[in-house]
Amino acid sequence: MPGSRNSAARAVRRSAVQPPARTARHAGEARAIDPATVEGWLRELGLAPGAGLEREGIVAWDVALDGRRRRDLRATLILDPAIGAIVWAHLAPPLGDGLRKAYRTLLRWNDEFPLAKFSVADDGRPILAVEVPKRWLDADELGLALARVTLIADAIFEETRGWLWIGGRVPDGYEARPIRTAPLLDRFSGELGELVGG
């Protein structure tokens, strides 16, 4: 309902979201970012990217992200040097039955999580994406985007269990798996306080 208190609160929260502060690294001409630089950033962030795949100047890497609740979230980092980067996380296998309800859920999340986009891929997989424009793209902004994707997946874990497993039953031992990307979460959780503990 457009005039609802929740809609107004979300509008205020969205209007409070500001781009990164302008610093020396953001000033002046945007610099070219090459795949080797991004791979270095990923290693600095404690991630082991798969081999980069290049097509028409656009490079993509697969990474695995572990949240405090959601483990082994498969994500693809896409670098278009002319535009910026996109972290594209595969939330679940292709959706089968109940598509209408799933679409409503994805639309609601688009409203609830600023700076994130939920959609459905051509093959039916629900997708979560966070974009970093070229003018802001550096190791910290990339790390923040990766952490944002991971923490959002944690926040919606209960609602996505039914998409991941039959009957929503979490496999035995799942919660005991190590959180391989804990340093990434620890480093950026302070900037994503609204998502921590989701």
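Computed from a prediction, not measured in an experiment: that's the story for all the values here. As a basis for the values below, the full set of heavy atoms in this structure was taken, side chains included, without hydrogen atoms, waters or symmetry mates.
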| request: If you link ILVMFWY side chains whenever their heavy atoms are less than 4.5 Å apart, which other residues fall into the same cluster as Ile83? By chain and number, please. | output: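 When side chains under 4.5 Å apart are linked, Ile83 ends up in no cluster with other residues.
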
Residues passing the ring-ring contact (aromatic ring centres under 6.0 Å, His included) test with Trp163, sequence neighbours excluded, are Trp109

Who are the side chain to side chain contact (heavy atoms under 4.5 Å, CB included) partners of [X], not counting sequence neighbours?
| X | answer |
| --- | --- |
| Pro183 | none |
| Glu54 | Val59 |
| Pro171 | Trp165, Tyr174 |
| Ala75 | Val63, Leu65, Val87, Ala89 |

When you measure from the side chain of Ser189 to the backbone of Leu185, do you find a donor-acceptor pair of N or O atoms at a distance under 3.5 Å?
yes

Between the main-chain N or O of Arg177 and the side-chain N or O of Arg71, is there a donor-acceptor pair closer than 3.5 Å?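 Judged by distance alone, yes, a pair lies under 3.5 Å.
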
Practice problem: Return each pair, listed once, that meets side-chain hydrogen bond (donor to acceptor under 3.5 Å, both in side chains) where at least one residue sits in residues 57-68; pairs must be two or more places apart or across chains. | Solution: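 Counting only pairs at least two positions apart or across chains, the side-chain hydrogen bond (donor to acceptor under 3.5 Å, both in side chains) contacts touching residues 57-68 are Glu39-Trp61, Asp62-Thr76, Asp66-Arg180, Arg68-Asp186.
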
Which atom pairs, donor and acceptor, lie under 3.5 Å between side-chain atoms of residues 43-53 and protein residues at least two apart or in another chain?
none

Per the salt bridge (charged side-chain N to carboxylate O under 4.0 Å, His left out) rule, what does the pair list look like for [range], sequence neighbours excluded?
| range | answer |
| --- | --- |
| residues 77-91 | none |
| residues 115-133 | Lys117-Glu131, Asp123-Arg125 |
| residues 155-169 | Arg69-Glu158, Arg108-Glu159, Glu158-Arg161, Arg169-Asp172 |

(message) Can you confirm whether Trp88 sits close enough to Leu128 that some side-chain heavy atom of one is under 4.5 Å from a side-chain heavy atom of the other?
(response)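 Result no, sub-4.5 Å side-chain heavy-atom pair not found.
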
Side chain to side chain donor-acceptor pair (under 3.5 Å) filter on Ser119, not counting sequence neighbours, yields none

